[in-house]
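The sequence lines fix the lettering, A, B, ..., with proteins before strands; numbering per chain opens at 1.
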Amino acid sequence: MRLSRYFLPVLKETPADAQIASHRLMLRAGMIRQQSAGIYSWLPLGYKVLKKIENIVHEEQQRVGHIPLLMPTLQSADLWRESGRYDAYGDEMLRISDRHGRDMLYGPTNEEMITDIFRAHVGSYKDLPLTLYHIQWKFRDEVRPRFGVMRGREFLMKDGYNFDLTKEDAMHAYNRHLVSYLRTYERMGLQAIPMRADSGPIGGDDTHEFLVLADTGESEVFYDKGVTDIKLGARDIDPYNVDECRSVMEEFTSLYARTDETHDAAEFAKVPEDRQMTARGIEVGQIFYFGTKYSESMGAEVVGQDGKKTPVHMGSHGIGVSRLLGALIEANHDDKGIIWPEGVTPFHVGIVNLKQGDDEADAACEALYKSFQALGLDPLYDDRKERAGGKFATMDLIGLPWRITVGPRGLKNGVVEVTSRRSGESEEMTPEQAVEKVAKIYADL
RNA sequence: CGGGCUAUAGCGCAGUCUGGUAGCGCGUCCGUCUGGGGGACGGAAGGUCGCAGGUUCAAGUCCUGCUAGCCCGACCA
């Protein structure tokens, strides 16, 4: 993309309403625009990152065998009356009625609807196990939305639901979700620590939240320093292998890690003192096992081998897709702007032409631009007639991880400059070497 | 939902107390000089002062009502 033809409304000044870094930077980088409290338009740059995150979530869900579908945002109140949650959910549920006066709601989650789909089409134990998920907009009418997309009212969430014959099978689904979530976050360059959590209004027995450590996190967390050293890395885990998934779960949850909701001071005290950590965290996902809570109330049953009907064991598992943008920025920024991890960056590389209109500089930039495109990479070429300082400031703000600076001075010696946004370090090399270097970085991801 | 506050140009703000021609900085547009970290100078565009009603010769400013948004708390992915 050529910046002169793109739509990137960056702001030099900080909007008064934005309190925390991610909100401030998303507004300044022209990623979002607030339309009303807790509701945002996603401008091109923000939309691009949102889609990248969504894609990673899709890929990692399907890698472990979960099946995508799409349920509507608007739901009938009748389904929610069956589970009893229409009354239980309270004012956070946005209730509306259609022209016939039928009670509708903008879905805050989809347990009822997925259970309805399941009971209509699945009747035999032979159809299990089954895990369905979707990525869809949700609405929760928060009393006080704040912090930009971190706590909006409208938000994009991946929610998945497993249906299993037995509790053991359902616990395997639970462990498998944990594995897929760990890989999802790691691909985005985020460390999200699973912590024992409280089940809240969805209800249930086993539940873990995934928390990204950040000063602006909404939850206070307590953990054994050792948990931050555990990484999934490149290991190849068979999602259908019960023992493999369980051992990952055990490995990641054996050390103490809890949010303030479930914090147990006595247990925490057993952690060696020099490893007792207290911090703040942003919740970016949660997995639940809740057994037959919905299958019983809504009649989601299968006929077992013994010919008897039995309610299925379920769990639900969520990733806050839009919220992840906020978490990513909270975890990756400096005073100049955002620093995108390579896995989610809106553009792979920025090309800064220091002297637009100079034949040599223009030609060198064009060549770089086309080389990257030919390799399937997505460059952002700042071809505006701006001064160098302004171009650098924009690149730093929007946080592309790699920048190639092209100017007459360097071209005289046949070199351009490759700069890492994260380290700030620059290296001079020929344009060909620069393309090779950047291409290798993305090939290795 | 309790407490506090705000609403004036795309963004950040002054002007309101004490009523009398709508302002500043940034951004935008044009021109000149510049040209490796938000440069300088000159010119220009851009406003139903959140909405409705009232007081007044006259309302951004005073009064009444409403709406929206923000902050702290409680709540929450």
Q: C1' atom, rU16(B) versus rC49(B): distance in rounded Å?
A: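 The same atom, C1', in both gives a distance of 11 Å.
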Q: If you take atom types as modelled and just measure distance, does the side chain of Arg140(A) reach the base of rC76(B) with a donor-acceptor pair under 3.5 Å?
A: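 Not at all, since no donor on one side and acceptor on the other fall under 3.5 Å apart.
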Q: Does Arg95(A) qualify as a cation-pi partner of Tyr86(A), given the criterion of NZ or CZ under 6.0 Å from the six-membered ring centre and within 45 degrees of its axis?
A: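 Yes - Arg95(A) lies over the ring of Tyr86(A), closer than 6.0 Å to its centre and within 45° of its axis.
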Q: Please classify the nucleic acid contact of Gly326(A) as base, sugar-phosphate, or nothing, using heavy-atom distances under 4.0 Å.
A: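 The residue Gly326(A) makes no contact with any strand.
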Q: Give me the residues of residues 44-51 of chain A where at least one heavy atom lies under 4.0 Å from an atom of RNA chain B, by number, or none.
A: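 Contacts with RNA chain B under 4.0 Å: none.
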Q: Under 4.0 Å between a Lys/Arg side-chain N and an Asp/Glu carboxylate O for Arg187(A) and Glu60(A)?
A: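 The answer is yes: the pair qualifies as a salt bridge.
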Q: Does rA14(B) have a Watson-Crick or wobble mate here (both distances under 3.5 Å), and if so which one?
A: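 Per the H-bond distance test, none.
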Q: What class does the angle between the rings of His66(A) and His177(A) fall in, given that below 30° is parallel, 30 to 60° is tilted and above 60° is perpendicular?
A: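 Taking His177(A) first and then His66(A), their aromatic rings lie parallel (interplane angle under 30°).
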Q: Does rU21(B) have a Watson-Crick or wobble partner in any strand here, with both distances under 3.5 angstrom, and which is it?
A: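 Its partner: none found.
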Q: Does the side chain of Leu400(A) come within less than 4.5 Å of Met395(A)'s, by heavy atoms?
A: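 Met395(A) vs Leu400(A): side chains touch.
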Q: Across nucleotides 33-40 of chain B, 5' to 3', mark each nucleotide with B, S or - according to how protein heavy atoms within less than 4.0 Å reach it.
A: -BBBBBB-
Q: Which residues pass the side-chain hydrogen bond (donor to acceptor under 3.5 Å, both in side chains) test with Arg422(A), not counting sequence neighbours?
A: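 Applying side-chain hydrogen bond (donor to acceptor under 3.5 Å, both in side chains) to Arg422(A) gives Asn332(A).
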Q: Assuming nearest nucleotide by heavy-atom distance, tell me which of Val143(A) and Met157(A) is located more 5' along RNA chain B.
A: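 Nearest-nucleotide comparison on RNA chain B picks Val143(A).
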Q: Using whole Å, report how far CZ of Arg153(A) lies from C1' of rC70(B).
A: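 To the nearest whole Å, that distance equals 14 Å.
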Q: Does Thr14(A) or Asp91(A) map to a spot on RNA chain B nearer the 5' end, using the closest nucleotide for each?
A: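 Nearest nucleotide further toward 5': that of Asp91(A).
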Q: Counting Watson-Crick and G-U wobble pairs only, both distances under 3.5 Å, name the nucleotide matched with rA7(B), or none.
A: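 For rA7(B), the partner nucleotide comes out as rU67(B), under the 3.5 Å rule.
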Q: Are OP1 or OP2 of rC72(B) and a side-chain N or O of Gln19(A) less than 4.0 angstrom apart?
A: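 It does not, given that no N or O in the side chain of Gln19(A) lies less than 4.0 Å from OP1 or OP2 of rC72(B).
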Q: In whole Å, what separates the C1' atom of rU67(B) from that of rG50(B)?
A: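 These two C1' atoms come out 8 Å apart once rounded.
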Q: Paired with rG35(B) by Watson-Crick or G-U wobble geometry, both distances under 3.5 Å: which nucleotide is it?
A: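 Across any shown strand, rG35(B) pairs with none.
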Q: Can you say whether a donor on the side chain of Arg146(A) sits under 3.5 Å from an acceptor on the base of rC76(B), or the other way round?
A: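 No.
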Q: State whether Arg144(A) places a side-chain N or O below 4.0 Å from either non-bridging phosphate oxygen (OP1 or OP2) of rC1(B).
A: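 Answer is no, no contact under 4.0 Å.
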Q: Under 3.5 Å for both donor-acceptor distances, Watson-Crick or wobble: does rG60(B) have a partner, and if so which one?
A: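 Answer to the pairing question: none, since rG60(B) forms no Watson-Crick or G-U pair.
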Q: Find the partner of rG42(B): check Watson-Crick (N1-N3 plus N6-O4 or O6-N4) and G-U wobble (N1-O2, O6-N3) distances, both under 3.5 Å, and reply none if neither fits.
A: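 Base-paired to rC30(B).
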Q: Once you apply the 3.5 Å cut-off to both distances, tell me the Watson-Crick or G-U wobble partner of rU48(B), or none.
A: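 With both distances under 3.5 Å required, rU48(B) matches none.
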Q: Quick one: the side chain of Glu13(A) and the base of rG27(B), do they pair up donor-acceptor inside 3.5 Å?
A: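 Absent.
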Q: Distance under 6.0 Å and angle within 45° of the ring axis: does Lys48(A) meet both against Phe347(A)?
A: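 Yes, a cation-pi geometry holds between Lys48(A) and Phe347(A).
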